[in-house]
Amino acid sequence: TIVIHSGSAAKISREEAMRLSCDTLEKVIEAVGDTHIRLGIETMGKINQLGTLDEVIEQCRVDRHYVPVVDFGHMNARECGGLFKTSDDYRRVFDKIALGCGDEVAKNLHCHFSKIEYTNAGEKKHLTFADDVYGPDFEPLIEAIVREDLTPRIICESDGTQAEDVKAMKDYYEKRSLHIKWRDGSVWVAHAGDSKVELNPEDIPLGAEHIRYEDVLRKSASIPYSAG
């Protein structure tokens with residue numbers, strides 16, 4: 001995915017800036033043709049920039065090669081915080097993209113994530129996961145991804161702690177998502193972090209490699225289970 005920043009409206013109206021941006025996006029497609037590379041338009045963090053989720057979806061309708069690139073920190077910063085408190089808050093982003101761009105695009109998003117300091121003008125600077133003031137928190141995002149069986153690519157953009165923070169996201173995901181293995185031709189063993197449960201084969205879709213922990217609890221309520 002090649003990530004595109006739309007820029008600001010400057011001294012013209014936002015409507016005119018959107019019209020000009022969509023015209024430019026049409027010209028880009030005329031120039032590059034039918035490429036296999038996805039062209040991603042990013043949600044932006046400063047209020048004077050084009051790049052609300054609605055604007056990005058509108059831009060992506062110019063051509064099927066364009067897809068949204070969701071930066072959750074940017075979206076939170078341009079709203080001056082509090083946008084993503086629950087997993088449902090994150091899920092609504094995927095739902096809106098599914099409606100505007102299709103289910104496959106929503107399921108396989110290219111995303112950016114970091115905590116971001118903001119002012120009344122929106123984004124100021126990227127922070128680390130040690131921040132407990134500005135947010136957003138990543139845990140509800142992971143909950144939404146696991147619950148809805150989504151497969152996004154998430155780029156961690158923390159300020160200097162990308163490796164440590166993306167590992168925290170990965171570790172949390174692995175504790176919430178069960179990875180299934182076949183054993184002895186008779187039972188499935190699902191691992192979540194350091195925990196495991198045994199399931200009946202008929203409870204598992206043929207060929208499945210993972211299952212959400214909620215499904216395990218629903219299908220095998222009598223089996224003790226810990227998320228690790």
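Atom set for the values below is all heavy atoms of this structure, side chains included, hydrogens, waters and symmetry mates excluded.
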Nearest non-hydrogen partners of [X] and [Y], listed with the distance:
X: Pro68; Y: Leu109; value: O-CD2, 3.7 Å
X: Asp103; Y: Ala98; value: OD1-CB, 3.4 Å
X: Gly100; Y: Ile57; value: CA-CG2, 3.9 Å
X: Cys156; Y: Asp165; value: SG-CB, 3.7 Å

Asp34 vs His65 side-chain heavy atoms within contact, under 4.5 Å = yes
Does [Y] offer a backbone N or O that forms a donor-acceptor pair with the side chain of [X] under 3.5 Å?
X: Asn76; Y: Phe72; answer: no
X: Asp23; Y: Lys27; answer: no
X: Thr86; Y: Asp89; answer: yes

Partner of Glu42 under side chain to side chain donor-acceptor pair (under 3.5 Å), picked from His74, His110, Gln49, is His74
Should Glu79 and Tyr118 be marked as a side chain to side chain donor-acceptor pair (under 3.5 Å) after you check the CA-CA gap, both sets of side-chain angles, and the distance that decides it?
-> CA-CA 9 Å; Glu79 296 295 330; Tyr118 50 80; over 6 Å; no
Which word best sums up how the rings of Tyr90 and Phe84 line up, parallel for under 30°, tilted for 30 to 60°, or perpendicular for over 60°?
-> parallel
For the pair Phe113 and Phe129, name the ring-plane relationship: parallel under 30°, tilted 30 to 60°, perpendicular over 60°.
-> perpendicular
Any residue meeting salt bridge (Lys or Arg N to Asp or Glu O under 4.0 Å) with Asp137, in chain and number order, not counting sequence neighbours | Lys115
Those residues at least two apart in sequence (or on a different chain) that pass side-chain contact (heavy atoms from CB on, under 4.5 Å) with Thr52 are Arg14, Asp54, Glu55, Arg78
Side chains of Asp159 and Thr128: donor-acceptor distance under 3.5 Å anywhere?
-> no
